[in-house]
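Report on the following structure.
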There are 2 protein chains.
Amino acid sequence: MKELKISLYSLLIQEFIDKEPIQKFKAGTILFNEKETVKYVYILVDGAVSLGRVHVKGKEFILKILNGEELILEYQIFKDQPFYYYYGKTFTDCEMLLIKREDFEEFVRTNPAANSALTAWLSTRYLKAQMKCMDLIMNGKKGGLYSILIRLCNTYGVPVEDGILIDVPLTHQELANLTYGTREVVQRMLKELRELGVVSYEQQKLTIRDLNYIREAVDCQRCPIEICGIN
Amino acid sequence: MKELKISLYSLLIQEFIDKEPIQKFKAGTILFNEKETVKYVYILVDGAVSLGRVHVKGKEFILKILNGEELILEYQIFKDQPFYYYYGKTFTDCEMLLIKREDFEEFVRTNPAANSALTAWLSTRYLKAQMKCMDLIMNGKKGGLYSILIRLCNTYGVPVEDGILIDVPLTHQELANLTYGTREVVQRMLKELRELGVVSYEQQKLTIRDLNYIREAVDCQRCPIEICGIN
DNA sequence: CCTGTATTGACATCATTTCCACATTTATAT
DNA sequence: ATATAAATGTGGAAATGATGTCAATACAGG
């Protein structure tokens, strides 16, 4: 799967790198909002982009965070006048290629290798999205946070001497938004994990010192990394 | 989109109807379980199939219910030794075609029209799955049930003189499982809706008499029907 | 170095949801 | 027709999670 993802990404880069400039965006830039028509497909070269929705009452849910070499394709492909169903904004500073939707679709339609790679990529994303949602729905807020921590390890984890460093700054509020919980609840759960020596938290970066503790607490099925991520 | 779905289904029927027999399954038959290798792609000709997971503690979540002329493709396509991540079982008596996974993938690889149709179908399912999960996560149990009711109307709704009949028998327990809630809570919420004259319930079939009441209570965005369903 | 702002930590209160216990009704099978 | 199982209805205690408030830190910019 990893190969297919890379292959899709590199097929796209090959095709479009000379046609479009790499653009830079500051953290917090809104790329699109729900109900907006889809103009571009974004190829993320570096940085992280969050996708999510805001409830009428103001509370925010971060559906996922995409990072690294990644494709941002969150609409009904091949449909007339497609639009977005949730927002997309840069989570950190980003570099990306913006490809016109029509050009992207034309490329996929006329390139069987790209189409197959895209199909594989979509079927994986489809499963991953559903597994992540089920974890959030079926495990309560504590289990939801634990499942987010596991996914963060898979997507952002860097092995360090005392565990796995989640190498992206995350505030308690952002962690809360990833589970649609509250900052206070996250704060308490992290405090408990800190006191148990399971995690440590410095400069807004978490280090998971005992991933097994977290995995056992949520009955983690050790899904392959391409299925278990925050992306 | 509807056209593309139909086109994918009919492309598949065209290709496989003479090669495989239509098989019948009784309600409650388990088609696959999580962690089982994927042998077949199922083409549902008639009936309904539910997909979901069971928590270690025994509580069940119904992720979705597929019905009618439908494709059941819930694995990482083009991957070696793919397996399922959740169960699939017949919800009602069903008729379906079982296509060997390899034959299905070969067909998609060599048929550009089928591949494009599948890509479009997957991108729609991907969005639909995420919208449904977000509704369940962001609206509490009451909002979750309401969103399930709206989706049931879209997928199973039959206009009748006093509203929209959801033409499939559903127990309170099954409704609860669709939101990962409890039977008691569903019972109380339905009672309230019944007393308000918003729904009626006979022979395990719901009639929604005032869909607008439900829509307004969950700030329904009136998404197109291909995005808002229980499937 | 000071000041305004964002983040973290802590706690009390309130609302939602689950869990448990049991009664009643409805369907199914003999 | 009767026994049995399945589904529905109800009440109350317990757990979980949200909300609001306030103090203590950390940090960035002038």
Side-chain angles (χ1 to χ4, degrees), chain A residues 26-28 54-62 91-93 135-148 166 168-196 199-207 217-218, chain B residues 26-28 54-62 91-93 135-148 166 168-196 199-207 217-218:
Chain A
K26 287 237 173 93
V54 179
H55 192 276
V56 237
K57 293 180 184 168
K59 193 168 167 182
E60 179 173 348
F61 178 55
I62 301 177
F91 193 75
T92 64
D93 291 350
D135 277 353
L136 292 179
I137 291 167
M138 297 177 74
N139 292 305
K141 292 303 171 188
K142 183 184 278 198
L145 177 64
Y146 287 10
S147 113
I148 292 293
I166 295 172
V168 63
L170 289 163
T171 66
H172 290 181
Q173 186 62 62
E174 286 164 341
L175 286 167
N177 292 349
L178 282 163
T179 63
Y180 203 68
T182 56
R183 184 184 67 75
E184 289 87 336
V185 170
V186 167
Q187 196 279 117
R188 262 169 254 174
M189 295 189 298
L190 284 182
K191 183 189 173 192
E192 188 196 33
L193 291 178
R194 238 183 293 125
E195 286 169 353
L196 289 167
V199 309
S200 58
Y201 187 59
E202 285 141 8
Q203 256 76 44
Q204 297 186 334
K205 286 189 182 177
L206 282 161
T207 303
V218 285
Chain B
K26 287 237 173 91
V54 179
H55 192 275
V56 240
K57 292 181 184 167
K59 193 167 167 181
E60 180 174 349
F61 178 55
I62 301 177
F91 194 75
T92 64
D93 292 349
D135 277 353
L136 293 180
I137 291 167
M138 296 178 74
N139 293 306
K141 292 304 170 186
K142 183 183 278 199
L145 177 64
Y146 287 10
S147 113
I148 291 293
I166 294 172
V168 63
L170 289 163
T171 66
H172 289 180
Q173 186 63 62
E174 287 163 341
L175 285 167
N177 292 349
L178 282 163
T179 63
Y180 202 68
T182 57
R183 183 185 66 78
E184 291 90 327
V185 170
V186 167
Q187 196 283 122
R188 273 159 220 174
M189 294 189 300
L190 285 182
K191 184 188 174 191
E192 187 196 33
L193 291 178
R194 239 183 293 128
E195 286 168 353
L196 290 168
V199 309
S200 59
Y201 189 58
E202 284 141 10
Q203 257 73 43
Q204 298 187 333
K205 286 189 183 177
L206 282 162
T207 303
V218 286

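Model, not experiment: these values are computed from the prediction. Chain letters run A, B, ... following the sequence lines, proteins first and then strands; every chain starts at 1.
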A:L170 atom CG is separated from C:dA6 atom C1', nearest whole Å, by 16 Å
B:L193 CG to D:dG9 P, in whole Å, measures 13 Å
Could you please name the option among D:dT8, D:dG17, C:dA27 that lies closest to any side-chain atom of A:V185? D:dG17
B:K191 side chain N/O closer than 4.0 Å to the phosphate oxygens (OP1, OP2) of D:dT10? yes
Are any non-hydrogen side-chain atoms of B:L178 and B:L136 less than 4.5 angstrom apart? no
Rounding to a whole Å, what distance do you find between A:N139:CG and C:dT18:P? 14 Å
Do the side chain of B:K141 and the main chain of B:T179 share a donor and acceptor less than 3.5 angstrom apart? yes
Of A:K142 and A:Q203, the one whose nearest nucleotide on DNA chain D sits closer to the 5' end is A:K142
Roughly, in whole Å, what's the span from CG in B:L175 to P in D:dG9? 12 Å
Heavy atoms under 4.0 Å, any strand shown: does A:K59 hit a base, just sugar-phosphate, or nothing? sugar-phosphate
Below 4.0 Å: OP1/OP2 of C:dT8 and any side-chain N or O of A:Q187: no
Should B:L170 and B:F91 be marked as a side chain to side chain contact (heavy atoms under 4.5 Å, CB included) after you check the CA-CA gap, both sets of side-chain angles, and the distance that decides it? CA-CA 10 Å; B:L170 289 163; B:F91 194 75; 3.7 Å; yes
Relative to the 5' end of DNA chain D, which residue comes earlier, B:H172 or A:G181, by the nucleotide with the nearest heavy atom? B:H172
Rounded to whole angstrom units, what separation is found between the CZ atom of B:R194 and the C1' atom of D:dT10? 13 Å
Answer yes or no: does a side-chain N or O of A:Q204 lie under 4.0 Å from OP1 or OP2 of D:dA26? no
Taking atom C1' of C:dT8 as reference, at what distance in whole Å does atom CZ of A:R188 sit? 13 Å
Mind checking if B:E202 touches a base, just sugar-phosphate, or nothing, with heavy atoms under 4.0 Å? nothing
Heavy-atom donor-acceptor pair, B:E184 side-chain to C:dC20 base, under 3.5 Å: yes
Selected nucleotide, minimal atom distance to A:T182 side chain, candidates D:dG12, C:dT8, D:dT19: D:dT19
What is the distance, rounded to the nearest whole Å, between atom NZ of A:K57 and atom C1' of C:dA15? 11 Å
For the residue pair B:I166 and B:K205, establish whether any side-chain heavy-atom pair is separated by less than 4.5 Å. no
Is the distance from OP1 or OP2 of D:dT8 to the nearest side-chain N or O of B:Y201 less than 4.0 Å? yes
Under 3.5 Å, is there a donor-acceptor pair between the side chain of A:D93 and the main chain of A:A27? yes
Short side-chain N/O contact from B:R183 to OP1 or OP2 of C:dC19, under 4.0 Å: no
Between P of D:dT8 and CG of B:L190, the distance in whole Å: 9 Å
